[in-house]
Amino acid sequence: MPELPEVETTRRGIEPLLIRQKLTEVIVRDHRLRWPVKLPDELVGQTLGSVTRRGKYLLFHFDSGTLILHLGMSGSLRCLPKQSPLRKHDHVELLFEGGTSMRFNDPRRFGCVLWQSGDAADHPLLTKLGVEPLEANFTASYLKNCAGKRQVAVKSFLMNAQVVVGVGNIYANESLFLARIRPTIAAGAVSLVGYQRLVDAVVMVLKDAIKAGGTTLQDFAQVDGNPGYFANELHVYGRAGEACSVCGAALVEIRLQARTTVFCRKCQPSRGIGRTFA
DNA sequence: ACTGGCTCCTGAGGGC
DNA sequence: TGCCCTCAGGAGCCAG
């Protein structure tokens with residue numbers, strides 16, 4: 001499931017392959033993504049200036065506007081020679097003058113491909129997004145201030161893209177474990193010290209996951225088709241019933257806002273400070 | 001202003 | 001072997 005590390009891994013894989021190349025053809029095989037894919041004719045012939053990321057959105061900057069792409073739940077992008085055989089669910093294909101084909105594959109079609117002429121920052125999907133977790137303004141005091149007296153579970157708060165972008169279910173579980181915070185605690189009840197641990201944990205987890213090329217559980221692949229390797233480093237996600245790597249207690253799984261949530265009762269207590277890691 | 005629930009979709013996995 | 005059921009989840013959207 002693509003979260004920030006998977007999107008960033010994809011961005012780093014794609015940009016060097018396609019930058020400064022002219023787009024020669026756009027093929028939409030299935031326009032039924034999250035929103036119907038409608039790409040303007042004017043796109044063909046434009047040159048790709050850069051590929052940036054905002055939250056989990058990839059932004060392909062062309063001469064007159066920006067292609068906004070979200071991988072959704074099951075999406076991936078691959079760059080291949082244009083004659084390579086198509087796979088099932090290769091919904092959108094961009095062909096570049098160098099002979100490279102960039103293909104958007106998305107079995108569940110939760111992703112999107114949109115065109116925004118002019119400045120992409122004006123797009124309604126991007127204007128309400130919160131801070132980037134790997135930038136300097138992601139701080140404990142920012143989170144504490146955002147949380148105020150909110151009663152929502154801190155895990156849901158952390159996954160709210162209007163607060164901080166890019167942290168999905170897997171990395172929220174991992175970060176809360178490392179920060180020794182019970183996922184169910186109200187966001188407003190977490191102390192500034194707790195939020196400092198959470199900020200540190202989120203940054204560490206995301207950076208480590210990017211280094212590993214992301215997490216591949218089912219669908220995600222890097223641009224070259226290889227999986228990401230962070231799944232090997234997960235402490236809690238997908239490990240319910242297994243022994244906690246710190247204290248040995250059995251990890252517990254619950255549903256929190258319809259999301260699988262795994263934690264350690266001992267290391268992530270519902271009050272006070274958790275066990276200190278060795 | 002918050003909060004929780006619904007929705008889109010396909011493939012995997014379990015039960016029988 | 002095959003069928004049916006449930007579940008997974010990002011995030012926009014809406015109702016209370």
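Quick note on labels: first sequence line is chain A, next is B, and so on, each numbered from 1.
Whole-Å rounding puts the A/Leu256 CG to C/dG9 P distance at 12 Å. Atom C1' of nucleotide C/dG12 and atom NZ of A/Lys56 are separated by 13 Å, given to the nearest angstrom. Counting to the nearest Å, the P atom of C/dA8 and the CD atom of A/Gln257 are 15 Å from each other. At whole-Å resolution of the value, NZ in A/Lys149 and C1' in B/dA1 are 14 Å apart. Between A/Lys88 atom NZ and B/dG11 atom P the separation is 4 Å, expressed in whole Å. Distance, A/Glu6 CD to C/dG10 C1': 13 Å, rounded to whole Å. At whole-Å resolution of the value, CZ in A/Arg53 and P in C/dG10 are 16 Å apart. Following rounding to the nearest Å, A/Arg87 (CZ) and B/dT10 (P) show an atom-to-atom distance of 17 Å.
The A/Tyr57 side chain lies nearest to C/dG12 when the options are C/dG10, C/dG9, C/dG12. Listed nucleotides C/dA8, B/dT10, B/dT3 differ in distance to A/His89; the shortest reach to its side chain belongs to B/dT10.
Residues satisfying the side chain to side chain contact (heavy atoms under 4.5 Å, CB included) criterion with A/Ala240, sequence neighbours excluded, are A/Glu253, A/Val262. Under the rule for a side chain to side chain contact (heavy atoms under 4.5 Å, CB included), the partners of A/Thr47 that lie at least two apart in sequence or sit in another chain are A/Lys22, A/Asp63. Contacts of A/Phe62 classified as side chain to side chain contact (heavy atoms under 4.5 Å, CB included), with partners at least two apart in sequence or in another chain: A/Leu23, A/Leu43, A/Gln46, A/Leu48, A/Phe60, A/Leu67, A/Phe96, A/Trp115. With sequence neighbours excluded, the residues forming a side chain to side chain contact (heavy atoms under 4.5 Å, CB included) with A/Lys56 are A/Glu3, A/Val7, A/His70, listed by chain and number. Not counting sequence neighbours, the partners of A/His235 by the ring pair (Phe, Tyr, Trp, His ring centres under 6.0 Å) test are A/Phe177. For A/Phe157, the ring pair (Phe, Tyr, Trp, His ring centres under 6.0 Å) criterion is met by no residue, not counting sequence neighbours.
Of all the residues in residues 154-164 of chain A, A/Met159 reach under 4.0 Å from DNA chain C with at least one non-hydrogen atom.
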For nucleotides 14-16 of chain C, which of its nitrogen or oxygen atoms have a protein nitrogen or oxygen under 3.5 Å away, and what is each distance?
none

N/O contacts under 3.5 Å, protein versus nucleotides 7-9 of chain B?
from, atom 1, to, atom 2, distance (Å)
B/dC9, O4', A/Arg108, O, 3.3
B/dC9, O3', A/Arg109, NH2, 3.0

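Side-chain nitrogen and oxygen atoms of A/His70 include at least one within less than 4.0 Å of the OP1 or OP2 phosphate oxygen of C/dA11. For A/Tyr237, a side-chain nitrogen or oxygen approaches OP1 or OP2 of C/dG9 to under 4.0 Å. When the side-chain nitrogen and oxygen atoms of A/Ser74 are compared with OP1 and OP2 of C/dG9, none of them lie within a distance under 4.0 Å.
A 4.5 Å side-chain heavy-atom check between A/Tyr142 and A/Val131 finds at least one atom pair inside the cut-off. Contact check for A/Gln196 versus A/Leu198: no side-chain heavy atoms found under the 4.5 Å cut-off.
Once rounded to the nearest 0.5 Å, the distance linking CZ of A/Arg11 with OG of A/Ser50 reads 9.0 Å. To the nearest 0.5 Å, the span separating OG on A/Ser245 from CG on A/Leu251 amounts to 7.5 Å. Between the CG atom of A/Leu125 and the CH2 atom of A/Trp35 there is a distance of 4.5 Å, given to the nearest 0.5 Å.
No more than 12 heavy atoms of other residues, nucleotides or ligands sit less than 6.0 Å from atom CZ of A/Arg265.
When the C1' atoms of four end pairs are superposed on the next four at each end of the helix from B/dC2-C/dG16 to B/dC16-C/dG2, using five pairs per end, the two resulting axes differ in direction by 50°, to 10°.
Pairs of residues two or more places apart, or lying in two chains, that qualify as side chain to side chain donor-acceptor pair (under 3.5 Å) and include a residue from residues 153-164 of chain A are A/Lys155-A/Asn169, A/Lys155-A/Thr261.
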In a table with atom names and distances, give each donor-acceptor pair under 3.5 Å that connects a side chain of residues 98-107 of chain A to protein atoms at least two apart or in another chain.
from, atom 1, to, atom 2, distance (Å)
A/Ser101, OG, A/Glu93, OE2, 2.7
A/Ser101, OG, A/Arg103, NE, 3.0
A/Arg103, NE, A/Glu93, OE2, 3.2
A/Arg103, NH1, A/Ser84, O, 3.1
A/Arg103, NH1, A/Pro85, O, 3.2
A/Arg103, NH2, A/Lys82, O, 3.1
A/Arg103, NH2, A/Ser84, O, 2.9
A/Arg103, NH2, A/Glu93, OE2, 3.4
A/Asn105, ND2, A/Lys88, O, 2.7
A/Asn105, ND2, A/His89, O, 3.3
A/Asn105, ND2, A/Asp90, OD1, 2.9
A/Asp106, OD1, A/Ser74, OG, 2.6
A/Asp106, OD1, A/Gly75, N, 3.4
A/Asp106, OD1, A/Arg109, N, 3.3
A/Asp106, OD2, A/Phe110, N, 3.3
A/Asp106, OD2, A/Gly111, N, 2.9

